[in-house]
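The block underneath contains the structure these notes are about, expressed in structure tokens.
By convention in this document, chain letters (A, B, ...) are assigned in the order of the sequence lines, proteins followed by strands, and residues within each chain are numbered from 1.
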Protein chains: 2
Amino acid sequence: MRAGERAYRELRADIVSWRLTPGQVLGEVDLSERLGISRTPVREALSRLTADGLTEPHSGRGVVVSAISGEDVRALYELRDTLDCRAAELAALRGNRETFRQLADELSHAAERLSDDPDHVAYYALVDRMDAEIDAAAQNPYLQQALANVRLHLARVRRLSTSNPARLAVAAAEHEAIARAITEGEPALAVATTRVHLRNALSNAMRTPELAPVSPVAS
Amino acid sequence: MRAGERAYRELRADIVSWRLTPGQVLGEVDLSERLGISRTPVREALSRLTADGLTEPHSGRGVVVSAISGEDVRALYELRDTLDCRAAELAALRGNRETFRQLADELSHAAERLSDDPDHVAYYALVDRMDAEIDAAAQNPYLQQALANVRLHLARVRRLSTSNPARLAVAAAEHEAIARAITEGEPALAVATTRVHLRNALSNAMRTPELAPVSPVAS
DNA sequence: AATGCCATTCGTGTATACAGAGCCCTTGTC
DNA sequence: GACAAGGGCTCTGTATACACGAATGGCATT
């Protein structure tokens, strides 16, 4: 694989997983030595991260990892509500019913198996699959890209939130409700169930104490 | 200014204004000679254009200017409807009333002066200002960025559409209606007026004959 | 002691050189 | 005459060298 691509994915994973914390300075020379590649692909990776909004230029001092505040989470969920509701609506209009019927069935079983899977990898994989199916059903690449961007930022937040087992069980039921609404071809219900799910997800996310701090970096 | 930044803006302007047409191959060496800079900043510019979706990688042959079809326009307006309606709704909730009252007044006068201004630069500047005010009022940087992306792509389409004077007069009235809805702090009405405007704008855009052709580039 | 100025130094921005990979053209064979 | 294989060539991907700019630390001055 291309070195720039590897560097981008590695740094992105480091940021999303909070191995790189907000305010951390990413120097090109440091990174090129740490990753064992030259500065050119490092520059490409940093450019892409900055375009994604995960890093910010730091006047003459390279780039720093972006801070993410409670206000950011509010704004992100506001946008996610806009995009996810529309995607669910479009999926209800254009999606294949059998696909979402099967997803709903699997989700109803997934809630029962949450305790068997300590890290809930199976559940998260199922949610990711549902996101992908909604994207495909919406048949709108621009909407899909916008959603991918929001999900990238919210993935950072999820790593902070406590994965409360009780919340996960409720979330699974909410996802199932969305899938059933899409299965039945009811766009208004798909929007409503999505909105309910996102409101609850936001409430849960905002319980995270780390989301209050102000950015340690001067702008 | 940085050479990479200049190259990015110049190429982006060339693509939006259709001086560079879809399928056009952008070679790094050609561009570096044409722009009088080295390949490094050219690479940065091409990376950013590809991230924006204005160009696409062309397996081993650099990047080519992306095609834009009628289907793309439909998808773009679908996303724009989602984002613009939400932005207008938020502006009605959070915006400064006096700002939008003044915009509405200026728009009502702008329609009268359309014939005085052959290229309608004053009108378009006013619309751009209104977009900026809505962005600011929505107070959501992520929504703002998503909107900027959609507007970038639709700017390409606008250059193809015939700027019918009659349509512009109606569009000015539609913008005024949106501004008045925001002024009065009525989110539902702001959404409705925005939706009406976008539906009419889409109908007008789809009249462009060039939007049917298939991409001349093999994918 | 605090503050402003200057030199040093680190880091990015740019240019260029090199290597590997993909494509096209040519040539040989069926 | 057509198709396939191989070589050459051009292109991108990467590495490195150089220059300019900003930030920082020290020093002098008030």
Nearest-angstrom distance from the residue atom CG of A:Leu35 to P of D:dT14: 13 Å
Atom-to-atom span, CG of B:Leu31 to C1' of D:dT10 - whole angstrom: 16 Å
Side chains of B:Ser203 and B:Asn200: do they bring a donor and an acceptor to under 3.5 Å? no
Would you kindly give the CZ-to-C1' distance between B:Arg2 and C:dT12, to the nearest whole Å? 9 Å
Atom pair distance, as rounded to whole Å: CG in B:Leu26 and P in D:dC11: 13 Å
Rounded to whole Å, CZ of A:Arg43 lies from P of C:dG11 at a distance of 14 Å
Can you tell me how far the OG1 atom of B:Thr50 sits from the CG atom of B:Leu26, to the nearest 0.5 Å? 8.5 Å
Can you find a donor-acceptor pair, distance only, under 3.5 Å between A:Arg39 side chain and C:dG13 base? yes
Expected output: side-chain B:Ser32 to main-chain B:Val29 donor-acceptor under 3.5 Å: yes
Between A:Gly36 and B:Glu28, which has a closest nucleotide on DNA chain D that is more 5'? B:Glu28
Given atom CD of A:Glu33 and atom P of C:dT12, what is their separation to the nearest angstrom? 11 Å
So, is A:Ser38 close to the D:dA15 phosphate, meaning a side-chain N or O under 4.0 Å from OP1 or OP2? yes
Under 4.0 Å between a side-chain nitrogen and a carboxylate oxygen: does that hold for A:Arg9 and A:Glu5? yes
Position toward the 5' end of DNA chain D (nearest nucleotide), A:Met1 or B:Asp30: B:Asp30
Grab the CG-P distance between B:Leu46 and D:dT12 for me, whole Å please. 8 Å
note: B:Glu44, atom CD; D:dT14, atom P; distance rounded to Å ~ 16 Å
